[in-house]
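Read the structure below first, then the notes.
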Amino acid sequence: MLCGLLPMCAPNPHLLQLLQSLNLSITTKSLLLTQQSHAQTYRLGLAHHSILATKLISAYSLCKLPSHSLLIFHSANPKNAFLCNALINAYVDNRRYPDALTLFSQMGTQYHVSPDHYTMSALLKLAGELRDLVMGKYVHSWIAKTGFGSDSILMNSLMSMYCKCGSGRGFGDVRKVFDEMPQRTLSSWNVLISAYVVYGGSGFSGDVREIVERMRIEGVGLDGYTVSILLPLCPAPSDGRRWDFGREIHCYVLRRNVGLGTTDVHVCCCLIDMYSRAKNAVAAMNVFDGMSSRNVVAWTCLIAGCVRNGLSEKALMLFQRMQVVDGIESNAVSLISVLPACSSLCSLMDGKQIHAFAIRKEFSDEVSLKNALIDMYAKCGSLDCAWKVFDEDQHVRDSITWSSMIAAYGLHGDGDEAIYLFDKMLKLGIEPDNITIVGVLSACCRSGFLIEGINIYNSLAMDFGISPTPEICSCVVDLLGRSGQLDKALEFIDAMPFDPGANVWGALLDASIIHGNSEMQDLAHKFLTHLEPENPSNYISLSNVLASSGKWDAVIDIRSTMKDRGMNKLPGCSWISINSEMHSFYVADKNHPFSPQIYEVLDNLFLIIKESFPCFDNFDEGSLLGSCG
DNA sequence: CGGGTCTGAC
């Protein structure tokens, strides 16, 4: 008997080795390692081993293969709570919620296993995902009955559930659990702060600051999670230039080696993103350069940051380096992030290359990527390609896809197609949002469709339940203004439910310039320079108008005001790439070798425009050139 | 030497 017992008690070297290899599979989420370990269990005759099976269920779940987890579950007998809980979690993590529920209900009846507090933790996660407050409260009462209220992790799960299921009064429940917990961990504080972020509106508000201050008083330090929750709140809009919480948190990270300083990819990504939003591209770059290892998210953070700050060439260069230097493949999100760089450089070739990569990687079912491609093609001048992307797979479309294509037609001056598509979208029962409306209204503006535009605007509340946004209102002002109804545009501005922003006055200024209304010009200019005293474009546009009508005294006034305030307007520039050669043009530029021929075509185009659009009658060539500045 | 909470790019 002794001989038979000994091998059971002594640690089995094969078992230990397999456990280590499985732990590695789990930390690296490697399918290959998981499969190798799985094969080993058969070779060593350990396929029924409960501990190995539990680990394998988790490992396959992390590789997004919950069906494989189920096979493992079936191969292990008898069932116990470890196996059941691991499989329920595998289902929840892979969004197979009905399967998770079924297994829970079968635990007692079919497998004769009693649910324990780990099961309840899994159920809380499930309730949170399903926003099922009834299920969540069921677990809460189970905890109260069984006396597991001192299990901090379970209580953290409970808070997290209330946060997700809350709908309005959720925060009160989160707070109550937190206040009544006998023992808190740092994670408890982290859940509390994320709940404040969910319910407390935007920014580094007073409530959040209060919690962080309380953590300081109670001697609870921040960890990588805390920092990742707080950084997206910085810089808060209310911070202004008074205080820089983002930088303060960065200093804390460096001082206290949070997440081991610059090795925590999560923390670094949040820092890069924070600095990018604070318009500090240099600081973002420094964080990136200091990272010991980078993944696709880190690269994408930096690329998106460059795009956000107008560094499009840099964004494209980084995109290339990510793949060539670090050997990291881009995913759908990184492609979506880099596409606007192609748009702002009008680089159709770069955009097409990214599109080709997406096709090779079979990302074609990612609707957000499709939307980004439509937008890119439209902005790079290829309406045809935009349409092809829109048209190809009719199942992969959401309301943004429609909005993007409508905006694309608007951008290219085809108001008819834009309105046709808008109607088609409505007929298919797809709900427009305020972005869709801006797209279709600006299409109306560009094509001079006053009646159609106003009709859409008037039907917003009734037909779509959309209330006007500042952007929508500025479209209406543009619409009325361009068609010469300047007084109505002004009336509309007075009746708007919020203070008109710079884009509203800008639209009115453009319209009054087109229609030669100097009174309205002055009014719009006055408000515009009041709202944006530092924007040189606002002065230039008026100065150009005054110059074209020979009012040189007024021009000198404006120019000297600009000089006093140290304003410099970079001259506007257009460019086009023909046979890989870049041709660029400034206003009234005559430096191009083919300048005479180019102006001849321009003159002819101008005549055609004048004949086709009578509203351009008040427009002479001088003011056309002038307003291009 | 098994299963559970909180974090990132569009």
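Throughout, a chain's letter reflects where its sequence line sits, starting with A, and its residues are numbered from 1.
One atom, CG of A/Leu233, and another, C1' of B/dC6, lie 14 Å apart when rounded to the nearest Å. In this structure, the CG atom of A/Leu369 is 14 Å from the C1' atom of B/dA9, given to the nearest Å. Taking atom CD1 of A/Ile272 as the reference point, atom C1' of B/dG8 lies 10 Å away to the nearest angstrom. A/Leu87 places its CG atom 15 Å from the C1' atom of B/dG4, with the value rounded to the nearest Å. Note: CG (A/Asp326) to P (B/dA9) measures 20 Å, nearest angstrom. As a whole-Å value, the separation of A/Leu222 CG from B/dC6 C1' is 13 Å. One atom, CG of A/Leu318, and another, P of B/dA9, lie 18 Å apart when rounded to the nearest Å. A/Ile328 places its CD1 atom 17 Å from the P atom of B/dA9, with the value rounded to the nearest Å.
Out of B/dT7, B/dG8, B/dA9, the shortest distance to the side chain of A/Ser228 is found at B/dT7. Among the nucleotides B/dT7, B/dC1, B/dG8, the one closest to the side chain of A/Val265 is B/dG8. The side chain of A/Ser160 sits closest to B/dC6 out of B/dC6, B/dG8, B/dG3. The side chain of A/Ser121 has B/dG4 as its nearest neighbour among B/dG4, B/dC6, B/dA9. Here the side chain of A/Tyr225 is nearest to one of B/dA9, B/dT7, B/dT5, namely B/dT7. When each of B/dG4, B/dT7, B/dC1 is scored by its nearest atom to the side-chain atoms of A/His266, the top-ranked nucleotide is B/dT7. For A/Val297, the listed nucleotide lying nearest its side chain is B/dA9; candidates were B/dC6, B/dA9, B/dG3. Side-chain atoms of A/Asn89 lie closest to B/dG4 of the nucleotides B/dG4, B/dC1, B/dG8.
Side-chain contact, A/Ser37 with A/Ser21: a donor N or O sits under 3.5 Å from an acceptor N or O. Looking only at atom types and distance, the side chain of A/Ser368 has no donor-acceptor partner in the side chain of A/Asn371 under 3.5 Å away. Between the side chains of A/Asn85 and A/Thr119, a donor-acceptor pair is found at a separation under 3.5 Å. In summary, the side chains of A/Ser334 and A/Asn331 do present a donor paired with an acceptor at a separation below 3.5 Å, with no hydrogens or angles considered. Looking only at atom types and distance, the side chain of A/Ser67 has a donor-acceptor partner in the side chain of A/Arg96 under 3.5 Å away. Using modelled atom types and a 3.5 Å distance limit, the side chains of A/Ser61 and A/Ser69 yield no donor-acceptor pair.
Residues in residues 108-130 of chain A take part in these salt bridge (charged side-chain N to carboxylate O under 4.0 Å, His left out) pairs, two or more places apart or across chains: A/Asp93-A/Lys125.
For A/Trp299 and A/Phe319, the ring centers are positioned 6.0 Å apart or more. A centroid separation of less than 6.0 Å is found between the aromatic rings of A/Tyr111 and A/Phe73.
A close approach under 4.0 Å does occur between a side-chain nitrogen or oxygen of A/Arg308 and OP1 or OP2 of B/dC10. Close to B/dT5, at under 4.0 Å from its OP1 or OP2, lies a side-chain N or O of A/Lys125.
In this structure, the aromatic ring of A/Tyr118 is positioned over the six-membered ring of the base of B/dG3, centres within 5.5 Å and planes within 30°.
Within the nucleic acid shown, A/Val333 comes within 4.0 Å of at least one base atom, counting heavy atoms only. Looking at heavy-atom distances under 4.0 Å, A/Cys269 makes contact with a base. A/Asn371 comes within 4.0 angstrom of nothing in the nucleic acid, heavy atoms only. A/Asp116 comes within contact range of at least one nucleobase, with a heavy-atom separation under 4.0 Å. Here A/Ser337 lies in heavy-atom contact (under 4.0 Å) with sugar-phosphate atoms only.
Near-neighbour residues of DNA chain B inside residues 139-155 of chain A, defined by a heavy atom below 4.0 Å, number-ordered: A/Asp151, A/Ile153, A/Leu154. A heavy atom lying under 4.0 Å from DNA chain B marks the following residues of residues 75-82 of chain A, by number: A/Asn80, A/Ala81, A/Phe82. Heavy-atom distances under 4.0 Å link DNA chain B to no residue of residues 351-368 of chain A.
With sequence neighbours excluded, no residue forms a ring-ring contact (aromatic ring centres under 6.0 Å, His included) with A/Tyr225. A/Phe148 is linked by a ring-ring contact (aromatic ring centres under 6.0 Å, His included) to A/His117, A/Trp142, counting only residues two or more places apart in sequence or in another chain.
A salt bridge links A/Glu218 with A/Arg214: the distance from a Lys NZ or Arg NE/NH1/NH2 to an Asp or Glu carboxylate oxygen falls below 4.0 Å.
Counting all heavy atoms, side chain and backbone alike, A/Pro340 lies closest to A/Val307 at CB-CG1, 3.8 Å.
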